Novice: 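Below are the structure tokens for one structure; questions will follow.
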Amino acid sequence: MLIERNDNLQQPQPQQQKRSLILAGGGMRLAYQAGVLIALEESGVSFNHVDGTSGGIFNAGMLASGLNAHQIAQRWRQLDIKHFMSARPLKSYFKPLNMMGYADADGIRNKIFPSLGIDVERINRFAAGDITFNVCNFSDKSIESIPHDKVKEDHLIAGVSLPIVMPAIEIDGQWYSDAVWIKDANLMEAVKRGADELWLVWAIGNTATYLPGALNQYVHMIEMSANGGLLEEYARIKMINAQIAEGKPAYVQKKPLTLFVIKPEFPLPLDPDLFFHKIDARSLINMGYTDAKKTIKSMPLEGVALNTETTKMKDPGIRLNIRNQFHGQLSDKKHQHKVSLFTYMVFSSRDNEENLNIYSSIYIEAFEQEIPCFDHQIKSSKIDGKSKTEFSSSFMHNNDEYKLMASWELGSAIDLLLGLEFKQVQISIKKLGEEEDGMEGILYQNIKQRMASCLTNNIRKQDGKAGGIRFKYRMALKLMNYEI
């Protein structure tokens, strides 16, 4: 269970571990956090308190509405992303300099919240733990952290209303908006509530490169505010730890505060890529799950240092992203099993070094849910003029680990760009300890799905701009010749 009740959160007893899960913002891309939640749930880590800021409010709201991690992930997969954008009355666009925001909240209020299962009445009655939601009180220029039993739907809407994009909301005579310009993660709320372990899920980009273009630079402003606010939180926590070391705790903690951070290795694609289907929620979930499994496995017991490195990400370089989905039946000794495999490939080139990452999930009808995979091991080679990619990964079901092996062949870069490749994948699935009873066979991707994949293949240059067909062809050719 991800959240557990602790009625003495603000007055912890000796030797009790108090954990807060801090879901920072990141816009529509925060399906990523659903994958992290699955990994945390599998790891057995539970939390007494969950805090959501900006886009993190969506996932905090789903947890407070009683959904578990797999249910949250499935809600994101089924969500119609276009409902995030809800236009204002047409006449308002004739006076753009007088607009309160270029969109309104109707889509989020009437479509997104119901689709994600965010129910304010259930949130107010939630009894399995403590959950808080952060909003910016624009009238006071301050952050308010509102507990789940007192939050209103307007608070949740205001908390994801980014200036320029959406208007602020007036609540009880005060104006409220997204908190990201002050802070994107409220670690101090967790500290005030007595937590001594702070688990931060961070999705805002943080690379050293300043990119051109209005969108990139608007995002850079958010990155500066979010990361700068986080460093201020770190400074306060360092002071508290110093006071604890001197035997003079500022709050109720008796031992030093420990920080754990789960973040992407590379910056997540921006919201427009999600809106225009260059990436989908499923791929973000699988990325979040993979990153979290890797991070949890290697997490030092003493946590991470409170410095600028905690949210740093690698420069993504030039990258070609390809999504595929394969469907069919696999056979074991007794039965046929309906199975689907979903993959998201990221082929990148940076500093004259090429790299291929694969994120995937598997649906097995008998298991009744889609399951993300982790620990992808990739082998790519050239055989008789064709490119062959093999990868292995693992997934969990009912506390059992399964091993997945998959491979496909590609003939030409032109066929790849035309949607004529990725027709099939050879696959086998075996439960650890019961390898002789595994299932295997071939899954197929039909022409409609291949064409959809072709149209959504995404190429990005070093500066973040989209590349043209020639640029995409050159990257596809490199992928065909890639060997590892």
Side-chain angles (χ1 to χ4, degrees), residues 1-13 15-26 30 32-73 117-118 122-134 145-149 151 184-203 230 233 237 251-263 288-289 291-293 295-297 299-304 310:
M1 189 174 182
L2 197 61
I3 309 174
E4 62 181 25
R5 183 81 233 175
N6 179 8
D7 294 321
N8 296 314
L9 183 62
Q10 298 189 36
Q11 295 181 347
Q13 301 301 313
Q15 306 306 317
Q16 285 186 306
Q17 205 72 26
K18 303 297 180 296
R19 297 190 185 96
S20 280
L21 176 62
I22 299 152
L23 301 175
L30 286 185
Y32 176 90
Q33 289 182 346
V36 175
L37 296 179
I38 294 173
L40 288 170
E41 203 167 77
E42 285 179 357
S43 72
V45 179
S46 58
F47 300 90
N48 315 108
H49 168 242
V50 176
D51 186 82
T53 305
S54 192
I57 284 175
F58 292 115
N59 293 301
M62 283 189 273
L63 285 170
S65 297
L67 301 179
N68 64 35
H70 276 287
Q71 291 170 334
I72 290 172
I118 295 174
R122 289 185 177 180
I123 291 173
N124 293 155
R125 298 196 306 267
F126 186 71
D130 294 309
I131 299 182
T132 47
F133 303 90
N134 299 296
S145 185
I146 303 174
H148 68 268
D149 58 342
V151 76
D184 197 46
N186 196 349
L187 277 64
M188 286 305 302
E189 180 63 27
V191 173
K192 292 172 185 176
R193 288 174 170 269
D196 44 40
E197 274 192 17
L198 311 178
W199 287 70
L200 171 63
V201 184
W202 189 261
L230 183 65
E233 298 267 282
I237 291 172
Y251 293 98
V252 296
Q253 289 81 2
K254 302 298 183 183
K255 54 185 177 180
L257 300 164
T258 306
L259 175 69
F260 302 95
V261 178
I262 297 173
K263 64 174 181 180
Y289 180 76
D291 290 340
K293 292 289 283 190
T295 301
I296 292 169
K297 183 178 180 180
M299 189 80 77
L301 293 177
E302 68 276 14
V304 297
T310 58

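All of these numbers come straight from a predicted model, not from anything done at the bench.
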Novice: Looking only at heavy atoms, which two atoms of Ile118 and Gly61 are closest? And how far apart?
Specialist: CG1-C, 4.1 Å
Novice: Look up atom CG in Leu198 and atom CZ in Phe47, then write down how far apart they are to the nearest 0.5 Å.
Specialist: 10.5 Å
Novice: Rounded to the nearest 0.5 Å, what separation is found between the CD atom of Glu42 and the CG atom of Leu37?
Specialist: 11.5 Å
Novice: Quick one: side-chain contact (heavy atoms from CB on, under 4.5 Å) partners of Thr295, sequence neighbours excluded?
Specialist: Ile262, Met299
Novice: Is a donor on one side and an acceptor on the other found under 3.5 Å between the side chain of Asp196 and the backbone of Leu257?
Specialist: no
Novice: Please name all residues satisfying side-chain contact (heavy atoms from CB on, under 4.5 Å) with Leu30, sequence neighbours left out, ordered by chain then number.
Specialist: Gln33, Asn59, Ala203
Novice: Between Leu63 and Phe126, what is the shortest heavy-atom contact and its length?
Specialist: O-CE1, 3.5 Å
Novice: Between CG of Leu200 and OG1 of Thr310, what distance do you get to the nearest 0.5 Å?
Specialist: 7.5 Å
Novice: What heavy-atom pair brings Ala195 and Gln253 nearest, and what distance separates the two atoms?
Specialist: O-NE2, 3.0 Å
Novice: Minimum heavy-atom separation for Gly129 and Ile3, please, with both atom names.
Specialist: CA-CG2, 3.7 Å
Novice: Can you see whether Asp51 engages Asn134 through a side-chain donor-acceptor pair at a distance of less than 3.5 angstrom?
Specialist: yes
Novice: Atom NZ of Lys297 and atom OG of Ser43: how far apart are they, to the nearest 0.5 Å?
Specialist: 14.0 Å
Novice: Please identify each residue that fulfils side-chain contact (heavy atoms from CB on, under 4.5 Å) with Asp149, with sequence neighbours left out.
Specialist: Pro147
Novice: Taking the side chain as everything from C-beta on, heavy atoms only, tell me whether Trp199 gets closer than 4.5 Å to Leu259.
Specialist: no
Novice: So does Asn68 get a backbone contact from the side chain of Glu41, meaning a donor-acceptor N/O pair under 3.5 Å?
Specialist: no
Novice: Report the residues that fulfil side-chain hydrogen bond (donor to acceptor under 3.5 Å, both in side chains) with Thr258, sequence neighbours left out, ordered by chain and then residue number.
Specialist: none
Novice: Decide yes or no for Arg193 and Asp130: does some side-chain heavy atom of the first lie under 4.5 Å from some side-chain heavy atom of the second?
Specialist: yes
Novice: Got a second to check how far Ser54's OG is from Asn186's CG, nearest 0.5 Å?
Specialist: 13.0 Å
Novice: Could you check whether Thr132 and His148, counting side-chain N and O atoms only, form a donor-acceptor pair closer than 3.5 Å?
Specialist: no
Novice: Answer yes or no: is there a side-chain heavy-atom contact under 4.5 Å between Ile123 and Val151?
Specialist: yes
Novice: For a quick check under 3.5 Å, do Thr53 and Asp184 share a side-chain donor-acceptor pair by atom type?
Specialist: no
Novice: State, to 0.1 Å, how close Gly52 and Ile57 come at their nearest heavy-atom pair, and which atoms those are.
Specialist: O-CG1, 3.7 Å
Novice: Look up atom CG in Leu2 and atom CG in Leu67, then write down how far apart they are to the nearest 0.5 Å.
Specialist: 12.0 Å
Novice: Please identify each residue that fulfils side-chain contact (heavy atoms from CB on, under 4.5 Å) with Ala73, with sequence neighbours left out.
Specialist: Ala34, Ile38, Arg77, Ile285
Novice: Give me the atom names and distance for the closest heavy-atom approach of Ile22 to Ala185.
Specialist: CG2-CB, 3.9 Å
Novice: Can you list everything that forms a salt bridge (Lys or Arg N to Asp or Glu O under 4.0 Å) with Lys263? Sequence neighbours excluded, please.
Specialist: none
